[in-house]
Amino acid sequence: MSLRVALLPCALIAALASPAHAADANAPKQPELTNLTLQTGVPRAPEQEAVVFELADLKFKVDPARKHLDGDATLTFKALKPIDALVVDLDRNYKVASVEVDGAKVADWKNPEGRMTIPLAQPLAAGGTAVLRIVYDGFPHVAERAPWDGGFVWAKAPTGEPWVASAIQGNGCDLFWPCIDHPQGEPVQVDQHVTLPAPLVSAGNGVLLGMDEKDGWRTYHWRTKNPDTYAISLNIGPYELLSADYKSRYGNTVPLRFWHLKGNEAKAKGLFAEFAPMLDFFEEVIGPYPFADEKMGVVETPHLGMEHQTINAYGNEYKKSEYGYDWLLEHEFAHEWFGNQLTNKDWDDMWLHEGYGTYMQPLYMQWLRGDMEYKANLMKQRATLANKHPIVAGRPMLEADVYSDEKGPGHDIYYKASLVLDTLRHLLGDKQFFDVTRQAVYGRTDPKPGNFKPLYASTPDYIAAVQKVTGKDYRWFFDVYLYQPALPDLVATREGDTLKLEWKTGGKPFPMPVEVRIGDEVKTVAMANGQGSLPIRAGQSFTLDPQSKVLRQLDHVDAFQQDKSDREKAEARKKAAAG
């Protein structure tokens with residue numbers, strides 16, 4: 001997701017101050033969402049776990065004048081084991097006109113809390129398929145602070161035309177189409193037929209298969225494969241299109257597409273010029289763009305941003321960061337690898353999306369401009385850490401709790417997780433770290449276009465990828481950094497001509513080697529049992545971890561200053577005795 005309130009107050013203020021985001025004080029109160037619809041990532045029903053979601057064929061008619069949606073969803077499921085009902089998630093505030101299974105109408109369906117249960121006339125055997133069709137309409141839930149809450153944004157472009165976007169990560173896909181609202185609920189294929197008033201334009205996921213216009217309405221047909229559940233989006237506006245082709249270092253060609261608002265062509269061309277270098281960075285450092293046979297797509301939206309697969313939402317108003325590039329474009333694009341290609345099995349594993357997505361910004365600066373901006377970016381991240389909750393709880397989590405600074409790791413899944421990855425990189429070395437990353441993202445260390453498929457991963461899966469690549473067990477590293485809130489504390493104590501070092505980690509093993517600079521010489525201390533030592537002469541200064549390679553506590557008393565204080569006290573005692 002684009003970053004949360006606590007991380008980017010300036011960007012948030014700018015986004016919310018925009019006329020497109022102004023709340024309508026006279027708008028009628030929205031119907032309440034049920035707790036189930038309000039949450040996303042609620043454990044799947046047994047019937048949802050027992051199927052492969054093969055196809056979602058979705059027809060949407062969007063009427064901006066009424067803020068109304070007509071939906072017609074045809075969903076194909078293949079049973080992994082026998083089931084006697086189909087279960088999908090859909091906001092119960094929609095009016096359902098008809099429900100069919102394999103062409104036969106079903107009258108006894110239920111949807112009391114937003115989890116719709118459709119009984120089957122006959123049990124579906126393992127390997128069998130069923131086609132569910134749901135026709136519905138209503139007024140989609142409106143996001144009041146998109147993208148930090150879920151729903152539709154009904155806005156006006158500066159030129160007066162309707163400007164509409166969905167941003168539903170915060171509450172889930174069930175806000176506008178019947179789905180399995182869980183990270184592991186991805187359909188194998190999604191077709192969208194988006195009907196809207198001419199001459200408005202639909203910018204959608206995947207590949208455009210055609211557009212028809214009749215009686216003042218246009219219908220766009222989009223198709224995409226294996227989309228993350230919250231990555232399906234609607235984007236409607238008076239768009240103009242910038243197009244180019246990127247010649248990949250892997251020998252294939254990637255279509256580059258940017259749908260921008262009328263009147264923004266000059267600024268849009270400046271942003272569009274950043275597409276190719278960013279794509280080249282990711283392909284060199286991580287690996288092949290996962291959706292090269294579709295596109296690298298971006299669309300200008302009336303909210304800040306979101307990683308919608310192959311059609312990333314962009315609302316940063318063409319502002320550059322202090323490092324001279326568009327951080328939002330780069331962050332959301334990172335999610336094509338860390339979020340869309342690699343999808344977390346549970347919201348508890350969201351650091352795999354956001355931590356890696358955030359670490360890509362300093363890595364991009366290092367690739368583009370060198371070490372100074374890389375380290376400056378990391379230092380800026382270091383100042384944000386809360387360390388109140390573990391990055392990973394080790395149990396199923398809801399999206400709202402994971403992103404909450406009070407109930408979960410909150411913004412630590414961005415910056416703290418990024419710094420954990422940087423520490424892991426220094427521990428393993430670049431070769432092994434990026435091989436681990438490729439193993440986690442592609443399921444192999446030698447990805448090429450066509451030899452990998454999108455996959456799910458959990459934190460234990462990531463730890464297993466580290467062991468597979470390195471041949472070593474690094475669970476101690478993740479136990480300390482991911483599964484407890486406190487950072488490791490490196491305590492240094494002088495005893496005569498020896499500097500003793502010890503990691504304080506709440507009793508957990510932590511054999512993290514550390515560099516120490518004594519005078520002008522840097523030495524590495526192995527810390528095999530969480531302890532180590534090295535010689536030091538009286539009066540010599542030292543610096544722990546002089547290159548800041550290890551994420552650790554920094555608020556204890558410096559041992560050199562303590563030693564100096566002890567020496568001063570000793571000298572005072574000698575003088576007193578002599579006197």
Side-chain angles (χ1 to χ4, degrees), residues 1-3 169 183 186 205-206 224-231 246 248-250 252 254-256 274-298 305-314 327-345 349-368 413-414 417-418 420-422 424-425 430 433-459 461-462 465-466 469:
M1 174 183 280
S2 59
L3 304 182
Q169 182 185 10
E186 292 183 2
N205 304 89
T224 193
K225 300 185 293 295
N226 301 107
D228 201 347
T229 51
Y230 64 81
Y246 167 78
S248 168
R249 60 180 56 237
Y250 291 94
N252 57 330
V254 182
L256 307 179
E274 295 189 43
F275 282 29
M278 282 187 184
L279 182 48
D280 190 44
F281 157 73
F282 278 100
E283 290 210 317
E284 180 179 349
V285 174
I286 307 300
Y289 178 55
F291 311 105
D293 58 343
E294 296 185 9
K295 67 178 182 300
M296 174 189 174
V298 178
M306 184 67 68
E307 62 269 20
H308 298 142
Q309 189 165 305
T310 72
I311 189 66
N312 282 324
Y314 173 84
W327 68 267
L328 182 73
L329 176 67
E330 208 269 0
H331 179 84
E332 303 301 1
F333 187 46
H335 285 307
E336 296 286 24
W337 283 263
F338 310 103
N340 296 331
Q341 164 61 26
L342 165 68
T343 301
N344 54 347
K345 286 183 176 178
D349 307 302
M350 196 61 185
W351 73 276
L352 292 169
H353 292 207
E354 301 295 13
Y356 258 110
T358 302
Y359 190 44
M360 290 302 107
Q361 279 86 76
L363 280 183
Y364 184 50
M365 288 296 91
Q366 187 176 40
W367 182 85
L368 197 63
I413 62 173
Y414 293 92
S418 170
V420 169
L421 290 168
D422 187 63
L424 183 64
R425 177 188 176 191
D430 278 8
F433 174 77
F434 288 109
D435 276 351
V436 165
T437 302
R438 285 183 276 273
Q439 180 67 38
V441 170
Y442 300 103
R444 57 197 304 157
T445 59
D446 62 341
K448 299 175 180 62
N451 74 349
F452 61 88
K453 295 180 180 179
L455 52 82
Y456 296 109
S458 64
T459 301
D461 292 332
Y462 184 84
V466 174
V469 169

Backbone N/O of Lys453 and side chain of Gln341: donor-acceptor pair under 3.5 Å: yes
Lys295 (side chain) donor-acceptor with Val254 (main chain) under 3.5 angstrom: no
Asn340, Thr343, Asn226 screened by side chain to side chain donor-acceptor pair (under 3.5 Å) with Glu186, the one that passes: Thr343
Any Glu307 side-chain heavy atom under 4.5 Å of Phe338 side chain: no
Heavy-atom closest contact (Pro255 atom, Ala292 atom, distance): CD-O, 3.5 Å
Non-hydrogen side-chain atoms of Leu421 and Phe433 separated by less than 4.5 Å: yes
Value rounded to 0.5 Å, distance of CE in Met360 from CZ in Phe333: 12.0 Å
Minimum-distance pair of heavy atoms, taken over all atoms of Gly287 and Tyr250: CA-OH, 3.5 Å
Side chain to side chain contact (heavy atoms under 4.5 Å, CB included) evaluation trace for Val436 with Tyr462: CA-CA 8 Å; Val436 165; Tyr462 184 84; 3.7 Å; yes
Atom pair CD1/CZ of Ile286 and Phe281 - distance to nearest 0.5 Å: 6.5 Å
Donor-acceptor contact below 3.5 Å, side chain Gln309 vs main chain Gly339: no
Output field: ring centroids Tyr414/Trp351 closer than 6.0 Å: no
Closest non-hydrogen atom pair between Gly355 and Ala417, with its separation: CA-CB, 3.6 Å
Asp228 and His335, any side-chain heavy atoms less than 4.5 Å apart: no
Backbone N/O of Pro277 and side chain of Asp280: donor-acceptor pair under 3.5 Å: no
Nearest atoms (heavy-atom pairs only) where Pro183 meets Asn344: CB-O, 3.2 Å
Student check: side-chain heavy atoms of Tyr364 and Val285 closer than 4.5 Å: no
Spatial distance of atom CZ (Phe291) from atom CD1 (Ile311) [nearest 0.5 Å]: 13.5 Å
Heavy-atom side-chain contact between Thr310 and Tyr289 under 4.5 Å: yes
Shortest non-hydrogen separation from Leu352 to Ala457 and the atoms involved: CD1-O, 3.8 Å
Asn312 side-chain N/O to Glu336 backbone N/O, donor-acceptor pair under 3.5 Å: no
Short side-chain to backbone donor-acceptor contact, Glu274 and Glu330, under 3.5 Å: no
Check: Asn205 side chain, Ala231 main-chain N or O, donor-acceptor pair, under 3.5 Å: yes
Gap between atom CE of Met350 and atom OG1 of Thr459 - 0.5 Å precision: 12.0 Å
Closest non-hydrogen atom pair, His331 against Gly357: ND1-O, 3.5 Å
CG on Asp446 to CG on Asn451, rounded to 0.5 Å: 6.0 Å
Residue pair Phe275 / Leu329, side-chain heavy-atom distance below 4.5 Å: yes
Minimum side-chain heavy-atom gap Arg425-Leu363 below 4.5 Å: yes
Heavy-atom side-chain proximity of Asp461 to Asp349 below 4.5 angstrom: no
Output field: ring centroids Tyr356/Trp337 closer than 6.0 Å: no
Value rounded to 0.5 Å, distance of OH in Tyr246 from CD in Glu283: 4.5 Å
